[in-house]
Structure formats: C-alpha cells, structure tokens
Amino acid sequence: MMPVRFRSPAPTPVRGSARQLTESLLERSARYIDGAAYEGPRSINPVDGSFHEVAEGVGLVCGFSHIWTLDGAGGLVVLDTSLPGFAAVALEHLRRWRDVPVDTIVYTHGHVDHVSGAQAFLDDAADRGRPSPTVVAHDGVGRRLDRYDLTREYNEIINARQFSSNFKFGSFHGDWVRPQVTYTDGLDLEAAGSGVRLIHEKGETDDHTIAWVPQIRALFTGDLIIWAFPNAGNPQKAQRYPAEWAAALRRMIDLRPEFLFPAHGLPIAGAERIAGVLDATAGALEGLVRDTLEMMNAGSPLDEIVNTVRVPQHLLDKPYLRPSYDEPEFVVRNIWRLYGGWHDGNPARLKPAADSAVAAEVAALAGGADRLARRAAELCEAGELRLACQLAEWAVQASPTDAEAHATRADVYRTRRDGELSLMARGLYLDASRRSESIARPEPRPD
C-alpha cells in the first residue's frame, strides 16, 4: 500500500459533459437542501453507472452503492466497490479518467453492496500485469463476512424480500475479498502529511469507516449519510446503533468539511450546508433515542412506545431525511432491542401460543375464517390497514388453503404496500401479497 499524496492538477481541465454533469450534481444537492425541494428517490440517488469528477482528483461512479476514487500519487484509492456489475463499469470509467493502477481499496463497511465488487478490481489488475490493490477496512469487517457465511441463504431470502425481487440477491456467495490491512480506531494511509485518515464509527453497522481528506476538506461518509432517513431500524437485519450514529455525525460537524461524499445519494458542497445536514440527521436520531429511553424508563411497553414516539414532521420533510428506505417506527423497535432485549412487555407474548393456534381460536369466535377475511376487506376499504392486515393474517393462518382468504390477504397487503413510503415496508408487504396470490390466483397481477 503506497502512501497517499495527491497529484498536481492536470494541465488541461475536464472537458464537456463530465464537468457539466458534476456541476449539476452539486447544484442539484444545493437546490434540494437550500430550497427543501424533493423530486423522488431517483433524483437524489443516481444509480446509472455514470462518472463524475466532483472535485479535482475525486471521481464518482454512481452505482447501487457509489464507488468513490481519489487520484493519489502512488495510484488510485477506491472507496467501496459496489456490486460486481457496477465495479466493471467503474473500471472502464477509471481507465479513461486516469489510466494508473488502483493501489488501495477501502471498505467503508462490510455490506455486500460495498464489498462484493472488489474481485473485479483484483482481476483487472492481474489481467493488466499490475500489482493487486491492498484492501483496507475496520477489523470488524472480517467478522461480518464470517456471519454472512453462516447465514448465506437467510440473507439471500431477506434481501430478495426487502428489494421486492423475484430473484435472489446474488451477492452472498462467500467468495469475499477480505481486507489485508485492518485497524481498530483510526488509520492514516500516509504516516504524515496530507493523506487520508480512516476513522471508525458505529451507526448502521459496528464496522463502519469514514474517510477524512484534510487537504481538500472532503469527508467520505459511507452509509452514515444516505439521502434518506438513517437505516437504523431495518426489521430484518442485525443490530443498528442510533445513539452512536448521532454522535458520529456530531464529530463530523467538528471537522468542518467543505465536501461531503456519501455512498448513496448526491455529493454536497459548502461547510454550512453540510453542517446543517449532519445536525438535522443527528437531531432526528437523538430525539428517537431520548424519547424511547424515557418511556422505557417509565415502564411503558413497546406497543405504547411505538405508537407514541415520533420524529418532528419538519425533519421528515427534508429531502435527505424522507423515510423512503428505513423509517422511524423501525428505529424505535431497534432502540428497544438494543437497550431492552426482545421481550416487548406484553406477558402473553413471552411464551405465546403458536400463531396458527391463535388464528384458529379467533376464527372460531368470529364464526369462521371467511368472516375474518370479509372483515379484513371492510377494514381495508375503510383505510384501517393495520387492523386489516392482522385479520387477513389470521384468516389464512386459520385456513391455509382457502383461496378466497388468500385473495383477500393479497389485496390487503398490496393496498398496504401502495400506501407505504419506505422500501423496507413496501418490500415486505409486496412479498406477503405475492405469496397469497400464488395460492389464490394462477396468474399474478403485475407489480
């Protein structure tokens, strides 16, 4: 791994569309933040494989997770490698941008959309007779990859569900490019001078790295900023750390960055603008942690807390805090899990009867599963979707082969999906609808 120093500016400027597109990304983020504009998820998170030189010697390839590149004196430093298809696209862009070796790859954390493209970089170096890049990460990344190997099939299932895919996610294959250089608290990629400082933080994961480049006052945040409400509550994934996440954002403010480069979403320029984004995001998380712990300490059960604790609407209205991926209700549940364990405070659910037994008893009291399904449909029509989902669930649990009950369940969950903002909720509800449609209807409806 070579020391990281930045090349002198190129003698000729970047020409034409690349510079114009770069300016449009920065201008777009400024317009959205300053004017509180919002034009949908695609406008704030380009994933089209395009290349942009965002600052002198800083390249961006927009992917499922972005691939950021620094043009260092000893070769390119790549921050995250996205998924394999985006890695291949990135390599084509980098050859046209700076045809020099990739010296170092930094993983901001071990999620597959950040690490699974690494093999493409190693293969490219071998094909071109160049040294293999050195992969650097926090020492928790290896433990994460070990866990993925233990839960490979589970992760394929939940990611297909989360992203509403009819196919497997395809990245939990186990052929990981593991880091050769790891650190615990911090690491300078150059022993002295103006290199890249890697700093460990906890938030979405416990193995997260941010990269600080003081020479250009640029902060690479990984997934600690994603242009959506923080992914601190994912209902199908491992523990998140919202309090530590907020503290990390506060420390980022203290660095006074002039550029903020996230792994998802738009780059941001301007110290005051960046500080405002970091402060609002930290404040939203801090409020959830504070209010949830206050109610836990007062003895409130989880059900009461979930139905009470809220993020102020003026924060959720910000274009970079919309609950389009994760959402505050899920974060509250994760705070409870972190500080209080899995029992939700309802003694009946400590050692509950099987779902099917509860459903059969409720159906018997109601006069049959068909009565439950009809009432679920009525509640759905009235907009009482939380209750409608529960009754539809009981109906099919009480009568698992009843096509009419499954047809109602499919309709209820599809209606529920259509009214949700977060990708996670939409994905789980669509999965439930599809499963019932496969029983109720031989030809499923288009999504």
Side-chain angles (χ1 to χ4, degrees), residues 41 151 153-170 231 233-238 302-303 306-307 323-334 337 342 344 349 352-363 366 368-447:
T151 56
E153 291 79 8
Y154 170 74
N155 276 289
E156 294 284 6
I157 291 167
I158 64 174
N159 277 286
R161 183 187 299 145
Q162 178 167 305
F163 295 100
S164 302
S165 302
N166 285 311
F167 51 86
K168 287 190 174 183
F169 197 66
N231 182 13
N234 192 316
Q236 301 184 99
K237 302 292 181 69
L302 177 59
D303 178 73
V306 166
N307 286 285
S324 58
Y325 185 49
D326 204 339
E327 55 185 279
E329 181 174 331
F330 299 157
V331 178
V332 170
R333 292 183 179 276
N334 219 357
R337 178 174 66 168
W342 60 264
D344 64 3
R349 286 195 284 265
D355 287 347
S356 58
V358 173
E361 185 66 20
V362 172
D370 59 328
R371 296 281 297 271
L372 290 175
R374 287 200 299 273
R375 181 57 180 158
E378 292 169 358
L379 289 167
C380 183
E381 182 69 23
E384 297 288 344
L385 295 177
R386 294 188 184 232
L387 280 174
C389 287
Q390 181 60 77
L391 267 62
E393 204 65 29
W394 277 335
V396 300
Q397 288 171 343
S399 187
T401 61
D402 187 328
E404 289 301 317
H406 275 285
T408 298
R409 180 178 183 266
D411 290 340
V412 167
Y413 277 117
R414 188 171 290 271
T415 301
R416 185 78 184 270
R417 188 283 302 262
D418 291 344
E420 294 292 328
L421 294 177
S422 76
L423 180 145
M424 294 176 189
R426 290 172 63 84
L428 267 70
Y429 292 141
L430 179 59
D431 178 75
S433 179
R434 284 173 172 168
R435 290 176 184 273
S436 277
E437 281 186 341
S438 69
I439 296 172
R441 304 182 180 100
E443 294 293 334
R445 295 177 297 175
D447 295 333

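What's counted below: heavy atoms across the whole structure, side chains too, no hydrogens, waters or symmetry copies. All residue numbers in this chain count up from 1 along the given sequence.
Taking all atoms of both residues into account, the shortest heavy-atom contact from Ala359 to Gln397 is CB-CB, 3.5 Å. The shortest heavy-atom contact between Asp326 and Ser422 is O-CB, 3.9 Å. Nearest heavy atom pair, residue Pro328 against residue Pro323, reads CD-CB, 4.1 Å. Of all heavy-atom pairs between Ala440 and Ala407, the closest is CB-N, 3.4 Å. When every heavy atom of Ile439 is checked against every heavy atom of Ala403, the shortest pair comes out as O-CB, 4.4 Å. Of all non-hydrogen atoms in Ala376 and Thr408, the two that sit nearest each other are CB-CG2, 4.3 Å.
To the nearest 0.5 angstrom, Leu428 atom CG is 12.5 Å from Ser433 atom OG. The CZ atom of Arg435 sits 11.0 Å away from atom CG of Leu430, with the distance rounded to the nearest 0.5 Å. Within the model, atoms CZ of Phe163 and CZ of Arg426 stand 14.0 Å from one another, a figure rounded to the nearest 0.5 Å. Residue Gln236 holds its CD atom at 5.0 Å from CZ of Arg161, rounded to the nearest 0.5 Å. Atoms CG and CD1, from Asn234 and Ile158 in turn, are 7.0 Å apart once rounded to the nearest 0.5 Å. Atom OG1 of Thr415 is separated from atom CG of Leu379 by 12.5 Å, given to the nearest 0.5 angstrom.
With sequence neighbours left out, the side chain to side chain donor-acceptor pair (under 3.5 Å) criterion links Arg375 to Glu378. The ring pair (Phe, Tyr, Trp, His ring centres under 6.0 Å) search around Phe330 returns none, not counting sequence neighbours.
Using a 4.5 Å heavy-atom cutoff, the side chains of Pro235 and Arg333 are not in contact. No side-chain heavy atom of Val362 sits less than 4.5 Å from a side-chain heavy atom of Arg371. Within the 4.5 Å cutoff, the side chain of Glu361 has no heavy atoms near those of the Trp394 side chain. Contact check for Tyr325 versus Met424: side-chain heavy atoms found under the 4.5 Å cut-off.
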**OP:** Start with the C-alpha distance between Tyr413 and Glu393, add both sets of side-chain angles, then the distance that settles side-chain contact (heavy atoms from CB on, under 4.5 Å), and finish with yes or no.
**Re:** CA-CA 10 Å; Tyr413 277 117; Glu393 204 65 29; 2.6 Å; yes
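Taking a cutoff of 4.0 Å between a charged side-chain nitrogen and a carboxylate oxygen, Glu329 and Arg386 qualify as a salt bridge. Comment: Asp370 engages Arg374 in a salt bridge, judged by a side-chain N to carboxylate O separation of less than 4.0 angstrom.
At least one donor-acceptor pair closer than 3.5 Å links the side chain of Arg409 to the backbone N or O of Ala432. In this structure a side-chain-to-backbone donor-acceptor pair under 3.5 Å is missing from His406 to Thr401.
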